[in-house]
S.K.: 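I am attaching a structure below and will ask some questions about it afterwards.
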Amino acid sequence: MVDERRALYRLAVDLFAPGAELSDNLADHPIVRYEIGRALAGHGGLDLARLTEVAAMRVRDVGVAVVSDPAGAELLEAPLRIVAPPGASPQPLTEADGDRFDTVLAIVADGVRLFRELAPEMAEDLLAHVSALAVLKRETSGGVVSASSRYVPGIVLIDEPSLPIEVAEALVHEGAHEKFFDLAITKEFLDARADGADYFENSWSHARWPLEQTFAAWHAYSCLAQFNFSIGAEQLGPDSLLPKARERANEIGDWLLAHEGVLRADSRRLLHGLTGERTGQGGDGVAVRSEVDCATLCAEIREDGHFRVLSDVRIRRANTGRAVVGRVAEPPALYWLDGDASWLVGQLNGENPTSFELLLSRATEEWHVSSELAARRLRSSLGSLVSSALIESTPVSTNSEKER
């Protein structure tokens, strides 16, 4: 999932600054991701110099990268502003705070070690989605215990801790949110109808949440509930949610199960997997390929047709084989392709059209299926890509194709 996320951000840079390349460190950096997200949302272009500037922010590595740069308040302006309670102006602890920062850094280091000792598999899973952590001065935080934002994904902000278990719990809570942010941009997670879906009202504060926030809260409480089984006799902090996590996860999960019609395949699979409910799919949990698209699109794909990627389309492929594509536009639009379509765009280019006949020969061999089934799958993917204006069909063959 991390590699797929990097592919998406690299594709975004391809659209704004062709020829520029993001290292893994840049692609993972929370403020770099924020700047790319702003550009994708149409809030100005992409300033490569700004990306280099924010990526130079100093950190201390204690199992997670802790912001230590004295200029941290300026560099982290966006996440600090977003998570600030009304009337508060959170400020990060940095090297400029001397012994106070060193004391907190030691507590954070102990908290990361404790997390890994108590729940090693969960720590490996969730910390992969946490690129940085900033500690807020308690007198400035306005009561923030821990926070993260989908607008600045990858950074966790925590109130000045007194106990390592407070750090461990915050990393579970916010690490779950960070993983959810990555799931939401790389997987089939929320239906287009999600924005108009019912709101969930919780029983403990009567806050009302939209579907996306509800799912994120359920995921975090589910992780906290699982972590609670591992803590043994550890003394909890005064603001701990661990004793309440299972009850709240169950309440939210029951509501989501009753409203799962607006969830997509991957979010539904996660929901059913963590709640223990059957998915309604086949016994192997694999969704059955729909024939609807083929029924409506296959007739448009001629077997004597030739296909190529449109000139304004950019493609990035993750190591998983999945492809994310985008079109040069204002603002750009990005799409993840399914397995067949990902394979297909890898066979095409933007210059010489490739024939259906050649594609079918390759698909039959590489997919290890019959020619008839390969043809149906090809027509479905080709029809979908043509309809989405990502590739075009041309009846004209070229001599250069015969050489490919």
Side-chain angles (χ1 to χ4, degrees), residues 1-9 11-12 27-28 30 33-34 36-37 40-41 125-126 128-131 148-154 173-200 209-224 226 249 252-281 285-290 293 316-318 320-326 331-342 384 388:
M1 190 191 312
V2 170
D3 184 70
E4 290 181 355
R5 182 191 74 207
R6 290 169 177 165
L8 185 147
Y9 282 102
L11 173 68
D28 292 342
R33 294 169 66 187
Y34 168 73
I36 294 173
L40 287 173
D125 179 24
L126 297 184
H129 303 276
V130 177
S131 298
S148 52
S149 170
R150 66 187 179 96
Y151 298 108
V152 194
H173 187 161
E174 305 305 333
H177 285 329
E178 298 295 349
K179 181 174 181 178
F180 171 78
F181 301 151
D182 285 349
L183 286 166
I185 65 172
T186 61
K187 305 298 180 184
E188 295 185 15
F189 234 67
L190 294 180
D191 190 275
R193 299 168 292 165
D195 289 342
D198 291 342
Y199 275 45
F200 167 75
W209 299 332
L211 182 66
E212 181 177 358
Q213 186 177 356
T214 302
F215 199 103
W218 165 79
H219 182 240
Y221 276 120
S222 296
C223 291
L224 287 167
Q226 183 64 35
I252 304 171
D254 288 344
W255 186 91
L256 286 170
L257 287 168
H259 293 78
E260 66 173 312
V262 291
L263 299 180
R264 300 183 70 190
D266 292 320
S267 54
R268 193 174 297 187
R269 186 176 297 113
L270 178 61
L271 174 65
H272 284 265
L274 291 186
T275 59
E277 295 288 335
R278 293 179 61 84
T279 63
Q281 296 174 336
V286 178
V288 178
R289 176 181 299 275
S290 170
D293 284 346
R316 279 279 180 166
R317 186 180 301 276
T320 59
R322 293 181 72 206
V324 57
V325 299
L334 277 62
Y335 310 89
W336 280 103
L337 304 182
D338 66 19
D340 285 359
S342 294
S384 177
S388 301

S.K.: Applying salt bridge (charged side-chain N to carboxylate O under 4.0 Å, His left out) between Asp182 and each of Lys187, Arg33, Arg150, report the one that passes.
M.R.: Arg33
S.K.: Of the non-hydrogen atoms in Ser148 and His177, which two are nearest, and what is the gap between them?
M.R.: OG-CB, 3.5 Å
S.K.: Answer yes or no: is there a side-chain heavy-atom contact under 4.5 Å between Leu126 and Glu178?
M.R.: no
S.K.: Quick one: are Val325 and Leu337 in side-chain contact, heavy atoms under 4.5 Å?
M.R.: yes
S.K.: Look up atom CZ in Arg5 and atom NE2 in His129, then write down how far apart they are to the nearest 0.5 Å.
M.R.: 7.5 Å
S.K.: Go through the structure and list residues passing side-chain hydrogen bond (donor to acceptor under 3.5 Å, both in side chains) with Ser388, not counting sequence neighbours.
M.R.: none
S.K.: Roughly how far, to the nearest 0.5 Å, is CZ of Arg316 from CG of Leu334?
M.R.: 12.0 Å
S.K.: Find the distance between CG (Leu183) and CG (Asp266) and round it off to the nearest 0.5 Å.
M.R.: 8.0 Å
S.K.: Return the CH2 to CH2 distance between Trp218 and Trp209, rounded to the nearest 0.5 Å.
M.R.: 13.5 Å
S.K.: What pair of heavy atoms forms the shortest contact from Tyr9 to Pro153, and how long is it?
M.R.: OH-CG, 3.7 Å
S.K.: If we ignore hydrogens and angles and just use 3.5 Å, is the side chain of Ser131 paired with the main-chain N or O of Asp28 as donor and acceptor?
M.R.: yes
S.K.: Is there side-chain contact between Leu271 and His219, with heavy atoms separated by less than 4.5 Å?
M.R.: no
S.K.: Compare all side-chain heavy atoms of Trp255 with those of Leu211 and state whether any distance is below 4.5 angstrom.
M.R.: yes
S.K.: Classify the ring geometry between Phe189 and Phe180 as parallel (under 30°), tilted (30 to 60°) or perpendicular (over 60°).
M.R.: perpendicular
S.K.: Under 3.5 Å, side chain of Arg317 to main-chain N/O of Ser342, donor-acceptor pair present?
M.R.: yes
S.K.: Is there a donor-acceptor pair closer than 3.5 Å between any side-chain N or O of Arg268 and the backbone N or O of Leu263?
M.R.: yes
S.K.: Is the closest basic N to carboxylate O distance between Asp3 and Arg6 below 4.0 Å?
M.R.: no
S.K.: Any non-hydrogen side-chain atom of Cys223 less than 4.5 Å from a side-chain atom of His173?
M.R.: no
S.K.: Which heavy atom of Ser222 sits nearest to which heavy atom of Leu274, and what is that distance?
M.R.: CB-CD1, 4.2 Å
S.K.: Side chain of Trp336, backbone of Glu188: donor and acceptor closer than 3.5 Å?
M.R.: no
S.K.: For the atom pair CZ (Phe200) and CD1 (Ile252), what is the distance rounded to the nearest 0.5 Å?
M.R.: 5.0 Å
S.K.: Would you indicate whether the side-chain heavy atoms of Asp125 and Lys179 approach each other to under 4.5 Å?
M.R.: yes
S.K.: What residues, two or more places apart in sequence or in another chain, satisfy side-chain hydrogen bond (donor to acceptor under 3.5 Å, both in side chains) together with Thr214?
M.R.: none
S.K.: To the nearest 0.5 Å, what is the distance between NE2 on His259 and OH on Tyr199?
M.R.: 13.0 Å
